[in-house]
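Reading through the structure tokens given below for one structure.
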Amino acid sequence: MKDTCELCGSSGNIEMHHVKKLKDLESNGRKEKPEWMKRMMAMKRKTLAVCLECHTNIHSSKYDGKRFVSANVG
């Protein structure tokens, strides 16, 4: 498991955010996809290593993407 949040770059308290299928991200019905969702789609991964704060915000639909850490995709 990674020790750095793939969204904000913080370390410690890292959890894995999972989706069942990548297809679920593409067809979730939202007009504008949140940054965490765009990141998972770009990486073609069903998991994302995130800190507790980002994970909580993702599940409560409060992740604003402002702390998104730019990283190489691929």
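Note: hydrogens, waters and symmetry copies are ignored here, and every other heavy atom, side chains too, is used. Residue indices begin at 1 and follow the sequence shown. This one's a predicted model, so the numbers in the text were calculated from it and none came from an experiment.
The CD1 atom of Ile58 sits 6.0 Å away from atom CG of Leu48, with the distance rounded to the nearest 0.5 Å. Here Asp3 contributes atom CG and Ser11 contributes atom OG; the two are 6.5 Å apart, rounded to the nearest 0.5 Å. Taking NE2 of His17 as the reference point, atom CE of Met40 lies at 5.0 Å (rounded to 0.5 Å).
Here the side chains of Val50 and Trp36 are not in contact, with every heavy-atom distance at 4.5 Å or above. Considering only heavy atoms from C-beta on, Glu6 comes within 4.5 Å of Arg45 through its side chain.
If you chain together hydrophobic residues whose side chains sit under 4.5 Å apart, Leu52 and Ile14 never meet in one group.
Glu53 and Lys62 are not joined by a salt bridge, as no carboxylate oxygen comes within less than 4.0 angstrom of a charged side-chain nitrogen.
Cys51 and Cys5 get closest at one heavy-atom pair: N-SG, 3.3 Å.
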